[in-house]
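Just so it is clear, the model here is predicted, and its values are computed rather than measured.
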Amino acid sequence: MKNLATAFIALTMVVCGSSCSTPNEPTVSGQQDGHDYVDLGLPSGKLWATANVGANRPDDNGSYFAWGETAPKQEYEWTTYQLCNGSDSQTKVNKYCVNDRKGEVDNKIALEATDDAATANWGGQWSTPSREDWEELVNACDWEWVKNYNGTGLDVKMGRSKANGNKILLPFSGYYSGEKFVKNEGMYWTSTLYETNSHQAYDARVLTHNINCNNVNRKLGMAVRAVISK
């Protein structure tokens, strides 16, 4: 019986190779700095984390960050936002600004490592994906809305790579505005500033019918899904 069990495990490893998952679970292709990733065969070579920053499992929402901040907090308002002076309509951002009406112009449009929640919390080469990274991911996979994933009561979006069939799971993580949690879709930060209004940055919005990039206020608390390069 022991020999039979050993043979079964060996056969499973051969069939699965380096990427293995059950039919309704995301694929794990490897690990970097203690965090699992999936190789979706993307042209850029980017490897996507299988779970959000701060999450213990793929269907966990994880931690919430304002754009350009590296720690969660209780209230997501301009008055608590670290990269600005003032509040509400009088807010002037003091980093990542291309509009002089919105703050101190430095023409930075992409998060630096010191302001990147993925890098700060996971270290190594992990980073928050850019708008282009998210668009590549969306176009490279076939997507399915999964309601009440594995009986957890959570809705998720499951993507299957068109290149190699590997899978990635994105929970409908919602977001924080002030102290209020809004649970109606998945909202994930990109590392890319919105060009027209420096009070805003791009997010990837996960909906039941599609995933698209939009511009939202930097003060909001949203999830982060990290990437690394091969």
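- The CD1 atom of I109 sits 7.5 Å away from atom CG of L193, with the distance rounded to the nearest 0.5 Å.
- A salt bridge does not link E104 with K95: none of the charged nitrogens is closer than 4.0 Å to a carboxylate oxygen.
- Y81 has its ring centre no less than 6.0 Å from the ring centre of W67.
- Salt bridge D106/K108: absent, no basic N to carboxylate O contact under 4.0 Å.
- Listed by first and then second residue, the salt bridge (charged side-chain N to carboxylate O under 4.0 Å, His left out) pairs involving residues 139-152 are K147-D155 (not counting sequence neighbours).
- The other members of the hydrophobic cluster of Y202, by chain and number, are Y194 (side-chain heavy atoms under 4.5 Å, ILVMFWY only).
- Within 6.0 Å of atom CG in L154, more than 12 heavy atoms from other residues, nucleotides or ligands are found, so the atom counts as buried in its surroundings.
- For the atom pair N217 CG and Q200 CD, the distance stands at 5.0 Å (nearest 0.5 Å).
- A distance below 6.0 Å separates the ring centres of W78 and H199.
- Sparse packing is recorded around CD of Q74, with 12 or fewer heavy atoms of other residues, nucleotides or ligands lying under 6.0 Å away.
- For T190, the side-chain hydrogen bond (donor to acceptor under 3.5 Å, both in side chains) test picks out no residue, with sequence neighbours left out.
- With ring centers used as reference points, W134 lies 6.0 Å or more from W189.
- For E135, the CD atom is densely surrounded, since the number of other residues' heavy atoms within 6.0 Å is greater than 12.
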